[in-house]
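Written out below as structure tokens is the structure these notes cover.
In what follows, every chain begins at residue 1, and chains take the letters A, B, ... in the order their sequences are listed.
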Number of protein chains: 2
Amino acid sequence: MLSNRQIQILHAIVDNYIRNAEPIGSRTISKREDIGYSSATIRNEMADLEELGFLEQPHTSAGRIPSQKGYRFYVDHILQPKQLTKEEISRIKLLFAEKYYAFEQITQQTAAILSGLTNYTSIVLGHEVKENLLKHIQMIPLNSTTAVAIIVTNTGKVENKTIQVPEGVPISEIERLVNFLNSKLVGMPLLEVKHRIYQEISNELQKVFDNYQRLIEMLEQAFHSHPEELVFLKGTTNIMMQPEFRDVDKVKDILEFLDTNEQLLKHFSSPTLGVQVKIGAENKEDAINNCSIISATYHVDGNPLGTIGIIGPTRMEYGKVISIVDYISKDLTRLLGKIYKNEP
Amino acid sequence: MLSNRQIQILHAIVDNYIRNAEPIGSRTISKREDIGYSSATIRNEMADLEELGFLEQPHTSAGRIPSQKGYRFYVDHILQPKQLTKEEISRIKLLFAEKYYAFEQITQQTAAILSGLTNYTSIVLGHEVKENLLKHIQMIPLNSTTAVAIIVTNTGKVENKTIQVPEGVPISEIERLVNFLNSKLVGMPLLEVKHRIYQEISNELQKVFDNYQRLIEMLEQAFHSHPEELVFLKGTTNIMMQPEFRDVDKVKDILEFLDTNEQLLKHFSSPTLGVQVKIGAENKEDAINNCSIISATYHVDGNPLGTIGIIGPTRMEYGKVISIVDYISKDLTRLLGKIYKNEP
DNA sequence: TTTTAGCACTCGATAGATAGGAGTGCTAAC
DNA sequence: GTTAGCACTCCTATCTATCGAGTGCTAAAA
């Protein structure tokens, strides 16, 4: 276990490095008012801390910087969450006080304020539609061969697809089909809908509709789920302001990681309670080995709907960012809860 | 006017610089098989070309590089469009052969193939909804206080918004309102709809519906148009592979420009016939002074719907990129025309 | 008149060499 | 246990010298 003095020194080093991005020497620390030891003493402690794996030395004659383990200890045991300022809170309140929104707008605004308040890159993952329930199906013919299929879920998510209408199917028949589907499928998890169409109601469909085969093809199109654009990023260029990312190749790797939605989604696949902090190589992907990600899941009615997060250098202002992510994820949960009360 | 030999030399310099990103000296050119002059002769011509403004010299003892004027002349008078390879054509064909799509998917796929084929950054601007006609309005209640308003246009574009339903308005009343609106507003340009609600049908609304005031508030929400997410980018990180953009600050400026949708939209505000090439400072914005943009507008029924484009360094493979942008914009126009035939 | 060979000159890029200084580790004294 | 002192390390910055690609000019050749 670390002694109090060691913790004090580690604290000072992490704080200092987060602020200045430069290795810290023993003299710098001994000069701090809250530390009453000579540089030689500090040096001894620093050597011990390095041996224990909490500090690193870029080269022999440089000061120390926190290692990943050091950051981890800092986050777990030293850090006290930083209170948001009045101004920050009022900016968030202002945003979430807006009355009506398209869904994408909420996520976009959330991403914007996250990166705005932190000066890092924000990530907002939209809703996991999978567990949503079907609320309504609609098909609107555009012309004799094309229609728009619209699927609405109980959380207000709207999906739409342009589909081909089989030759010789009159509009009235489509209306009848839509009514039929609504009566049979509403309230069902979206994931099961397709399955249900084939298994349970195909018989009935066949009885009631002449052009069964063609209609089923059309439905296939309508419910064909494509991997969704769920990811919103904001402030990607903030990364480049960090002194550790003045190198184009590093930045490129990170941006490529962020641009690949699949990777991002995989990274945030499991919802978590509270705020999660992943430091450096705790993120499996090589590209973001020098980054930390702070994230939290937001909910409606206890169901995780998506994730918000911040990505920045391991030298991140953990205290501030954790507070902001926590606050906003809770406010977002509150807002969504207000909008989509779980009524039948 | 430039002599044939001058054109030949300019051609060689531009080609060479596009390929290697390094200044070209007189000796390099005189060694080329298609040029039968000594380096001294080339030197004289190069000096003349520089005086005329077609070439530049990074410093005294370096070779020459094309100036903006040089690129312009190259694009306007020297360049012969490069035939797409069979493989390129088949990749495009494959993409556009897909039968059904959500609209966003078409734009996204287009962006993907543009950047995939060119190795530059692609920009696809979605549809200008303004001139679209209203095809259908729908409101789907989620619970007693919230509903989703869906607006479909004749081009298959679907907009949706979550709106607040005023207290005490029964579902049946909303249905009646939607039917009323559809009977009155369908076929009208989206831009005029709001105006029309207030001016022409407000009287009638007032007569037929009790909760006129509340309903009009709800409609205000539904038709409140927010600046739309119309921009799709792909391959933004390709910029960083260019040797002239190994500098984080330059990259940052460009990415910030691309991230600001308003700027992009402004830049592409006026539709053009055919492929447009903007070289270097011909782009007004400072951030992209060292970039060229190659763009083309795509249409449905003669109406410009959006723009596709490529942004890269001024040292761009103009021949190839122009051909690709041209080809894809035409194919996209063809595809959209097929999907959204202008039928009532 | 046009082209080319020859040559002095320019200037950025590269590689050592050197000095400076921040910081360390160790020892011995407090 | 703490600290002063000191030799040592090694990064950084600066300067210098060299190299060479490329130029412009002149004069000779075609």
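- A 4.5 Å side-chain heavy-atom check between Tyr318(A) and Ile18(A) finds at least one atom pair inside the cut-off.
- You'll find the side chain of Phe232(B) stays beyond 4.5 Å of the side chain of Thr110(B), heavy atoms only.
- Proximity of a side-chain donor or acceptor of Thr314(B) to a complementary backbone N or O of Ile279(B) within less than 3.5 Å is not detected.
- Summarising the geometry, the separation between CD1 on Ile35(A) and P on dT2(D) is reported as 13 Å, rounded to the nearest angstrom.
- Place His59(B) and Tyr37(B) on DNA chain C by their nearest nucleotides, and Tyr37(B) ends up nearer the 5' end.
- Going from atom CG of Asp48(B) over to atom P of dT3(C) covers 12 Å, rounded to whole Å.
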Which pairs, protein N/O on one side and nucleotides 21-25 of chain C N/O on the other, fall under 3.5 Å?
residue	atom	partner	partner atom	Å
dG23(C)	O4'	Ser61(A)	O	3.3
dG23(C)	O3'	Ala62(A)	O	3.4
dT24(C)	OP1	Arg64(A)	NH1	3.3
dT24(C)	OP2	Ser26(A)	N	3.2
dT24(C)	OP2	Ser26(A)	OG	2.7
dG25(C)	OP1	Arg64(A)	NH2	3.1
dG25(C)	N7	Arg43(A)	NE	3.0
dG25(C)	O6	Arg43(A)	NH2	3.2

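- Taking atom CD1 on Ile9(A) and atom P on dT2(D), their separation rounds to 10 Å, with Å as the unit.
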Exercise. Apply the test side chain to side chain donor-acceptor pair (under 3.5 Å) to residues Asn44(A) and Asp48(A): give CA-CA distance (whole Å), side-chain angles for both, the deciding distance (0.1 Å), then the verdict.
Key: CA-CA 6 Å; Asn44(A) 288 330; Asp48(A) 289 350; over 6 Å; no
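- Atom CD of Glu45(A) is separated from atom C1' of dT2(D) by 11 Å (rounded to the nearest Å).
- In this entry the distance linking CG of Asn16(B) with C1' of dG22(D) reads 15 Å, nearest Å.
- Rounding to whole angstrom units, CD1 of residue Ile42(B) and P of dC25(D) are separated by 17 Å.
- For the pair Thr236(A)/Leu258(A), a side-chain contact is recorded, criterion being any heavy-atom separation below 4.5 Å from C-beta on.
- The shortest side-chain heavy-atom distance between Ile113(A) and Arg91(A) falls under the 4.5 Å cut-off.
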